Amino acid sequence: MSNASPGAPLGSSNDPAFDQTGRIVIQPNGRPRPLSPHLQVWRWHVTMLASILFRVTIGAISVGAVIAVAWLGVLAFGPEAYAKALTFAGSPAGLVIGFGLTVVLFSLLLNGGRHLINDAGRGLTVPSADRLSNIAVWGPVPLAVVFWIALFATGRVSL
């Protein structure tokens, strides 16, 4: 008698004793089931990258929120503390942090736009989803560069 499931290809089985791949697990209810496919099965594409980067930017904007709260705290401590914070913000480290948070902001805006378009039922074909994802993945850095060039050109930021 075969241990194969009805309709399964000849030679296949859900019995862990016959598993040669290591991909069969016993569920808590005692039933053997194959593991779900993981990254080694799926071919990487830009929509996966956009999704992962969106989650990363959510974590990064949380750091930005902490920095904003710290800035409010510095305001509460008076002009001397605020002057020290401005000195740090104008330092190379402060400018790198500011540029990084600008990239994160543009990433959130572009990914939010991508999600808004998708929620409206648009951009769901493969070519349009890839196009929107490419914009969301590659757009934030050039936009941040243009933004910071404008800041330097108008004298709002200097070294």
Side-chain angles (χ1 to χ4, degrees), residues 19-29 31-159:
D19 177 38
Q20 296 179 3
T21 65
R23 294 186 181 182
I24 301 290
V25 296
I26 303 295
Q27 291 183 334
N29 64 5
R31 294 170 44 193
R33 290 287 181 249
L35 284 173
S36 297
H38 199 306
L39 297 177
Q40 71 269 26
V41 177
W42 298 105
R43 183 179 54 90
W44 274 90
H45 47 91
V46 71
T47 54
M48 293 170 73
L49 182 60
S51 177
I52 292 167
L53 285 178
F54 186 54
R55 286 161 176 77
V56 170
T57 56
I58 290 170
I61 204 67
S62 299
V63 172
V66 169
I67 291 172
V69 169
W71 176 72
L72 290 173
V74 166
L75 281 174
F77 279 104
E80 301 85 28
Y82 187 69
K84 288 180 183 177
L86 283 182
T87 301
F88 175 75
S91 72
L95 292 175
V96 168
I97 291 169
F99 180 78
L101 289 175
T102 306
V103 171
V104 167
L105 178 64
F106 280 119
S107 179
L108 283 171
L109 289 172
L110 292 174
N111 269 300
R114 179 176 67 96
H115 281 103
L116 186 65
I117 291 168
N118 291 154
D119 289 346
R122 308 262 184 200
L124 298 175
T125 64
V126 173
S128 60
D130 285 348
R131 190 175 313 112
L132 289 171
S133 295
N134 272 313
I135 291 169
V137 167
W138 305 112
V141 172
L143 287 172
V145 167
V146 168
F147 179 78
W148 278 82
I149 287 172
L151 287 177
F152 277 102
T154 59
R156 302 264 183 193
V157 176
S158 63
L159 291 176

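Computed from heavy atoms alone, side chains included, the values below leave out hydrogens, waters and symmetry copies. As the structure is a prediction and not an experimental result, all values here were calculated from the model.
Put simply, the side chain of L143 reaches to within 4.5 Å of the side chain of L110, judged on heavy atoms. With a 4.5 Å cut-off on side-chain heavy atoms, L75 and L72 count as touching. Residues F99 and V145 meet the side-chain proximity criterion, which asks for heavy atoms closer than 4.5 Å. Side chains of N118 and L132 form a contact here, defined as non-hydrogen atoms less than 4.5 Å apart.
The distance from atom CG of L53 to atom CD1 of I58, rounded to the nearest 0.5 Å, is 11.0 Å. Between atom CD1 of residue I97 and atom CD1 of residue I67 there is a gap of 5.5 Å, rounded to the nearest 0.5 Å. One distance of note links CG of D130 with CG of N134; it measures 6.5 Å at 0.5 Å rounding.
Side-chain atoms of N111 and R114 include a donor-acceptor pair closer than 3.5 Å.
Residue pairs meeting the side chain to side chain donor-acceptor pair (under 3.5 Å) criterion with at least one partner in residues 51-67, sequence neighbours excluded, are S51-R55.
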Please tabulate, for the side chains in residues 148-159, all donor-acceptor contacts under 3.5 angstrom to protein atoms that are two or more places apart in sequence or on a different chain.
| from | atom 1 | to | atom 2 | distance (Å) |
| --- | --- | --- | --- | --- |
| W148 | NE1 | T102 | OG1 | 2.9 |
| T154 | OG1 | A150 | O | 2.9 |
| T154 | OG1 | L151 | O | 3.3 |

Extract all donor-acceptor atom pairs below 3.5 Å that involve side chains of residues 81-96 and protein atoms in other chains or at least two apart in sequence.
| from | atom 1 | to | atom 2 | distance (Å) |
| --- | --- | --- | --- | --- |
| T87 | OG1 | A83 | O | 2.9 |
| S91 | OG | F88 | O | 2.6 |
| S91 | OG | G94 | N | 3.3 |

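Side-chain atoms of S133 come within 3.5 Å of backbone N or O of A129 as a donor-acceptor pair.
Using a 30° and 60° split on the angle between ring planes, F54 and H115 fall in the tilted class, from 30° to 60°.
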